[in-house]
Amino acid sequence: MSDKHSTYVPKTGIERWFDARLPLPRLVHDSFIVYPVPRNLNYAYTFGGILTVMLASQIITGVVLAMHYAPDTGLAFNSVEKITRDVNSGWLLRSLHSNGASFFFIAVYLHICRGLYYGSYKAPREFLWVLGCTNLLLMMASAFIGYVLPWGQMSFWGATVITGFFSAIPLVGDWIQQLLLGGFAVGSPTLNRFFALHYLLPFVLAGVVTLHIWALHVVGQNNPTGVEVKSKTDVVDFTPYATVKDAVGIIVFLFFFAYFVFYLPNFLGHPDNYTVANPLKTPAHIVPEWYFLPFYAILRAITFNVGPIDSKLGGVLAMFGSIAVLFLVPWLDSSKVRSAVYRPWYRLFFWIFVADALFLGWLGSQPAEGAYVVMSQLATLYYFAFFIIVMPLLGLIETPRPLPHSITEAVLEKNKAKRRAPGPEIRHPSEGR
């Protein structure tokens with residue numbers, strides 16, 4: 001698909017002059033208008049467009065908020081309140097940015113689940129998947145340091161606890177912690193560092209997203225069948241077919257996003273973070289934002305324990321390992337069939353994995369004591385087992401369903417099944433003449 005010659009033809013003298021010097025219109029035409037995509041893409045494939053819109057929203061609102069923010073422990077909390085109360089439309093900007101982070105993660109987690117379900121990580125798309133995991137890592141880093149900036153109670157103590165875990169790393173742990181904090185405790189140097197990094201990382205993320213899209217256009221889009229494109233009948237032009245579907249997905253997603261922005265602006269935040277940070281008063285339960293809770297549960301499953309495993313370093317390694325294992329997925333899955341549509345056993349284990357991740361999220365919000373720790377350990381065990389044991393073994397023992405010979409055949413079979421389904425008969429107007 002990447003060997004396709006350009007069909008762009010400049011129509012005016014100005015277009016020809018521009019195209020000869022900077023072929024940007026040709027790039028847009030070839031990449032987003034006539035670019036061929038599989039004809040059977042469903043709405044699960046709209047999250048790429050949704051994530052692009054959310055990234056743009058986060059960068060724009062973040063830049064404007066940065067114009068009014070003061071990265072100082074004595075001013076940060078009040079500057080955020082001033083943005084909300086005194087800056088023109090400041091309440092809207094802050095609500096868009098804070099809730100936008102949550103919806104950004106909702107979209108990216110669904111995007112990852114779609115990739116795991118349809119096997120979008122398999123050859124030749126390994127590098128595409130690795131770039132996507134890099135984007136997740138950059139998002140998580142940016143979100144964590146951004147959560148500290150409002151300088152609320154949970155911001156301060158969350159930063160204190162999480163940066164404290166770096167000290168568990170042998171030899172360089174204390175040095176890394178002091179480098180992040182700018183000293184021996186969370187304070188104004190920490191805020192300055194985090195503010196600078198929070199401003200920088202989204203632009204780095206935008207650059208890696210560009211590489212991610214470029215890699216996608218080189219190897220071509222995967223599809224629900226997992227069968228590669230074999231003929232022109234298997235594909236349609238990106239515009240208007242995929243763009244219309246993307247637009248519908250984006251509008252529906254933004255509808256739910258707008259509901260939280262205007263009606264539930266503080267629903268996804270922690271109540272303790274709406275009081276100024278107090279180093280002398282520790283919250284009853286220190287928890288990160290909801291989108292970090294599964295990884296926080298994995299961290300605590302080993303760090304805080306009532307059983308035989310008890311290791312601060314082990315908890316840190318498990319937390320980072322839960323993200324690092326995603327990078328290895330293309331080489332861990334040994335099946336030759338991509339899509340879970342044709343892999344019944346993998347589909348079962350996949351949905352158990354989704355339930356397990358949600359369960360870990362709930363456990364991360366609970367106190368690290370008693371049965372919660374034991375359940376966290378069991379859920380953590382299945383999280384890693386899914387990637388390290390289930391994926392390699394299923395490819396060897398599972399018998400997948402027969403694959404269609406082409407995307408077109410799969411579409412035609414699906415249409416035939418719909419026509420055979422019981423229901424009221426629909427006649428074409430010409431049949432009544």
Side-chain angles (χ1 to χ4, degrees), residues 31-32 35 37-60 96 99-122 125-140 142-143 202 205-226 236 238-261 268 290-292 294 323 326-327 329-330 338-341 347 350-351 353-354 357-358 361:
S31 301
F32 301 104
Y35 179 75
V37 295
R39 63 186 302 164
N40 62 335
L41 297 185
N42 54 35
Y43 282 101
Y45 286 83
T46 63
F47 286 102
I50 290 170
L51 286 167
T52 304
V53 171
M54 294 306 299
L55 176 60
S57 171
Q58 289 300 95
I59 290 177
I60 293 170
L96 284 170
N99 287 285
S102 291
F103 276 80
F104 204 172
F105 273 94
I106 290 172
V108 82
Y109 287 151
L110 292 173
H111 193 57
I112 292 171
C113 286
R114 188 267 295 166
L116 290 172
Y117 189 81
Y118 291 126
S120 299
Y121 49 83
K122 287 182 175 289
R125 299 177 179 86
E126 303 97 328
F127 192 62
L128 175 66
W129 177 264
V130 169
L131 286 171
C133 293
T134 305
N135 287 331
L136 174 64
L137 203 58
L138 289 170
M139 280 181 61
M140 297 178 77
S142 183
L205 175 60
V208 181
V209 166
T210 302
L211 293 177
H212 186 64
I213 297 173
W214 186 6
L216 173 67
H217 282 72
V218 169
V219 298
Q221 180 71 278
N222 188 36
N223 64 89
T225 65
V236 293
F238 186 85
T239 301
Y241 300 101
T243 48
V244 169
K245 184 167 285 188
D246 281 353
V248 172
I250 290 169
I251 290 171
V252 172
F253 188 84
L254 291 180
F255 175 82
F256 289 102
F257 177 42
Y259 181 79
F260 276 82
V261 168
L268 297 173
W290 69 266
Y291 38 78
F292 289 141
I323 303 168
L326 294 173
F327 286 82
V329 165
R338 288 193 180 97
S339 177
V341 173
R347 186 164 64 244
F350 169 80
W351 288 117
F353 169 77
V354 171
L358 294 174

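What you are looking at is a predicted structure, and each value in this text was computed from that prediction instead of being measured. FYI, side chains are in, hydrogens and waters are out, and symmetry mates aren't considered; it's all heavy atoms of this structure.
Side-chain contact check for Tyr118 versus Arg338: every heavy-atom pair is 4.5 Å or farther apart. Using a 4.5 Å heavy-atom cutoff, the side chains of Cys113 and Phe350 are in contact. Within the 4.5 Å cutoff, the side chain of Phe257 has heavy atoms near those of the Leu254 side chain. Side-chain atoms of Leu136 and Val108, non-hydrogen and from C-beta on, do get closer than 4.5 Å to each other. Between Val248 and Tyr43, the closest side-chain pair of non-hydrogen atoms falls below 4.5 Å. Side-chain contact between Tyr45 and Asn222: present, with at least one pair of heavy atoms (C-beta onward) separated by less than 4.5 Å. Residues Met140 and Tyr291 have side chains not in contact (no heavy-atom distance under 4.5 Å, counting atoms from C-beta outward).
The side-chain hydrogen bond (donor to acceptor under 3.5 Å, both in side chains) search around Asn99 returns Ser95, not counting sequence neighbours. In terms of the side-chain contact (heavy atoms from CB on, under 4.5 Å) criterion, residue partners of Thr243 (sequence neighbours excluded) are, by chain and number, Phe238, Thr239, Pro240. With sequence neighbours excluded, no residue forms a side-chain contact (heavy atoms from CB on, under 4.5 Å) with Ala357. Under the rule for a salt bridge (charged side-chain N to carboxylate O under 4.0 Å, His left out), the partners of Lys122 that lie at least two apart in sequence or sit in another chain are Asp333. A search for ring-ring contact (aromatic ring centres under 6.0 Å, His included) contacts involving Phe353 returns Tyr383, Phe386, Phe387, not counting sequence neighbours. Under the side-chain contact (heavy atoms from CB on, under 4.5 Å) criterion, Phe127 pairs with Leu131, sequence neighbours left out. A search for side-chain contact (heavy atoms from CB on, under 4.5 Å) contacts involving Phe256 returns Phe103, Val252, not counting sequence neighbours. Applying the side-chain hydrogen bond (donor to acceptor under 3.5 Å, both in side chains) test to Tyr117 and every residue at least two apart in sequence or in another chain returns nothing. Not counting sequence neighbours, Asp246 has no partner by the side-chain hydrogen bond (donor to acceptor under 3.5 Å, both in side chains) test. Evaluation of the ring-ring contact (aromatic ring centres under 6.0 Å, His included) rule for Tyr259 yields Tyr263 as partners, not counting sequence neighbours.
Between the CG atom of Leu205 and the OG1 atom of Thr210 there is a distance of 9.5 Å, given to the nearest 0.5 Å. The CG atom of Leu137 sits 5.0 Å away from the CZ atom of Phe327 when rounded to the nearest 0.5 Å.
Not one N or O on the side chain of Trp129 forms a donor-acceptor pair closer than 3.5 Å with the backbone of Gly119. The backbone N or O of Ser31 lies less than 3.5 Å from a partner atom in the side chain of His217, making a donor-acceptor pair.
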I'd like a table of donor-acceptor pairs (distance under 3.5 Å, sequence neighbours excluded) in which one partner is a side-chain atom from residues 48-59, with atom names and distances.
from  : atom 1 : to    : atom 2 : distance (Å)
Thr52 : OG1    : Gly48 : O      : 3.0
Gln58 : NE2    : His97 : O      : 3.1

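Sorted by first then second residue, the side chain to side chain donor-acceptor pair (under 3.5 Å) pairs that include residues 100-113, not counting sequence neighbours, are Ser102-Trp290, His111-Arg114.
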